[in-house]
Amino acid sequence: MAKSVYEMVTERIINQLENNIIPWQKPWTGIRSGAYNRISKKSYSLLNQMLLQHEGEYATYKQWESLGGHVRKGEKSEIVVFWKIQPIEESKEDGTKEVKQIPLLRYFNVFHISQVDGVEPLSKDELKDIEPIEKAESILHDYWTKENIMVEHKAGDDAYYSPNRDLIHLPLFEQFTDANEYYSTAFHESVHSTMKETRCNRAEDRKGKLVAFGSEDYSKEELVAEIGSASLMNIIGIETNRSFKNSSAYIQGWLSKLRNDVKFIVSASSKAEKAVDYILGETLA
């Protein structure tokens with residue numbers, strides 16, 4: 001029986017985790033410094049950035065051929081996924097028919113430019129000359145101000161988002177041994193804040209309360225915040241020391257979730273991308 005696209009995606013993420021690679025922490029930064037399509041020049045989505053093994057140019061076999069390139073014999077393809085809207089006709093109880101637009105997950109096979117002969121790589125655009133810390137401060141300030149989110153800094157070990165108070169609580173800046181870890185934590189809690197109904201609406205119950213600690217929904221929301229924070233850090237070019245999270249228990253925890261639900265990573269990464277776009281106030285390619 002052929003594998004579903006969800007199974008193919010999950011299998012690739014599991015393979016990286018089993019090799020002690022946390023795919024949502026890949027160091028891509030800025031537009032076109034991660035993986036992007038050679039024809040459209042657009043960066044791939046967060047999920048595809050996690051799936052693809054290399055930075056730089058990718059294209060399908062036919063796209064490389066259209067450029068005069070030739071994929072070398074024996075080279076193995078990778079996949080990029082996308083949503084295709086499929087109209088489905090359904091019969092209603094009163095005998096009438098209704099057409100529903102159902103999103104279906106599909107994929108393309110793609111090859112990296114290193115697997116292709118006859119095509120020269122594009123010259124990379126230079127990234128904007130801006131200090132990453134300055135950019136991080138700007139993103140946080142603009143988002144918190146625009147959304148009227150209360151932010152409090154208090155000495156202690158707690159960092160959290162309170163949906164009832166629409167408040168982000170963080171330790172004092174000087175408590176962090178590395179300034180970049182402060183921004184990683186602030187982005188993490190900011191992604192959580194997009195769960196609010198008037199933002200990205202990820203409330204998992206109808207009362208708008210936080211989901212239960214340790215539940216499947218809680219794990220998914222934590223993964224959304226992890227991926228979203230890592231993406232924001234990567235976009236602005238900030239490196240963080242993530243070795244403390246590379247523990248066996250941490251990785252085994254994610255492996256367990258992925259093996260039990262093949263749609264887990266697709267759903268979480270999709271929600272993370274929406275959260276990142278919302279925080280940045282724009283739609284990224």
Would you list the atom pairs, donor with acceptor, under 3.5 Å between side chains in residues 78-85 and any protein atom, with sequence neighbours excluded?
unit_1: Glu78; atom_1: OE1; unit_2: Gln53; atom_2: N; d: 2.8
unit_1: Glu78; atom_1: OE2; unit_2: Tyr58; atom_2: OH; d: 2.9

Are side-chain heavy atoms of [X] and [Y] found at a separation under 4.5 Å?
X: Tyr161; Y: Ser190; result: no
X: Gln16; Y: Lys26; result: yes
X: Trp64; Y: His70; result: no
X: Ser219; Y: Phe264; result: yes
X: Glu273; Y: Leu46; result: yes
X: Ser231; Y: Trp24; result: no
X: Glu134; Y: Ser138; result: no

Hphob cluster co-occupancy, [X] + [Y], side-chain heavy atoms under 4.5 angstrom:
X: Val151; Y: Leu172; answer: no
X: Tyr36; Y: Tyr61; answer: no
X: Phe176; Y: Ile139; answer: yes
X: Leu104; Y: Ile88; answer: yes
X: Ile168; Y: Leu280; answer: yes

Pairs in or reaching into residues 158-167: which pass salt bridge (charged side-chain N to carboxylate O under 4.0 Å, His left out), with residues at least two apart or in two chains? Asp166-Lys196, Asp166-Arg199
Can any side-chain N or O of [X] pair as donor or acceptor with the backbone N or O of [Y] at less than 3.5 Å?
X: Asp117; Y: Gly69; answer: no
X: Asp261; Y: Lys257; answer: no
X: Ser270; Y: Val266; answer: no
X: Thr145; Y: Asp142; answer: no
X: Asn148; Y: Trp144; answer: no

Once ring pair (Phe, Tyr, Trp, His ring centres under 6.0 Å) is applied, do any residues pair with [X], and if so which ones, sequence neighbours excluded?
X: His169; result: Tyr160
X: His153; result: Tyr182
X: His141; result: none

Intermediate values then yes/no, salt bridge (charged side-chain N to carboxylate O under 4.0 Å, His left out), Glu18 and Arg259: CA-CA 12 Å; Glu18 287 179 336; Arg259 286 171 176 146; 2.5 Å; yes
Using the six-membered ring of Tyr6, assess whether NZ or CZ of Lys263 lies under 6.0 Å from its centre and within 45 degrees of the ring axis. yes
Kindly determine whether Glu65 and Lys62 satisfy salt bridge (charged side-chain N to carboxylate O under 4.0 Å, His left out), including the steps that lead there. CA-CA 5 Å; Glu65 280 194 329; Lys62 289 185 177 180; over 6 Å; no
Among Leu140, Ile236, Leu232, the one residue meeting side-chain contact (heavy atoms from CB on, under 4.5 Å) with Tyr183: Leu140
Can you give me the closest heavy-atom contact between [X] and [Y], atom names plus distance?
X: Lys274; Y: Cys200; answer: O-SG, 3.8 Å
X: Gly156; Y: Pro171; answer: O-CB, 3.5 Å
X: Leu122; Y: Glu57; answer: N-OE2, 2.7 Å

For Ser269, check side chain to side chain donor-acceptor pair (under 3.5 Å) against everything at least two apart and list the hits. none
Is there a side chain to side chain contact (heavy atoms under 4.5 Å, CB included) between Ser77 and Val110 once you walk through the steps? CA-CA 5 Å; Ser77 65; Val110 293; over 6 Å; no
With side chain to side chain contact (heavy atoms under 4.5 Å, CB included) as the test, would you mind laying out the steps for Leu170 and Lys154 before giving the verdict? CA-CA 6 Å; Leu170 296 166; Lys154 291 185 178 180; over 6 Å; no
What verdict does the side chain to side chain contact (heavy atoms under 4.5 Å, CB included) test give for Gln49 and Ser43, after you've listed the backbone C-alpha separation in whole Å, the side-chain angles of each residue and the deciding distance to 0.1 Å? CA-CA 8 Å; Gln49 296 283 1; Ser43 295; 4.0 Å; yes
Residues, nucleotides or ligands: over 12 heavy atoms within 6.0 Å of Lys146 NZ: yes
Stepwise side chain to side chain contact (heavy atoms under 4.5 Å, CB included) check, Asn109 with Tyr107: CA-CA 7 Å; Asn109 287 307; Tyr107 73 96; 3.8 Å; yes
Between His188 and His192, how do the two ring planes meet: parallel, tilted or perpendicular, split at 30° and 60°? perpendicular
Out of Glu221, Glu197, Glu222, which one pairs with Arg202 under the salt bridge (Lys or Arg N to Asp or Glu O under 4.0 Å) rule? Glu221
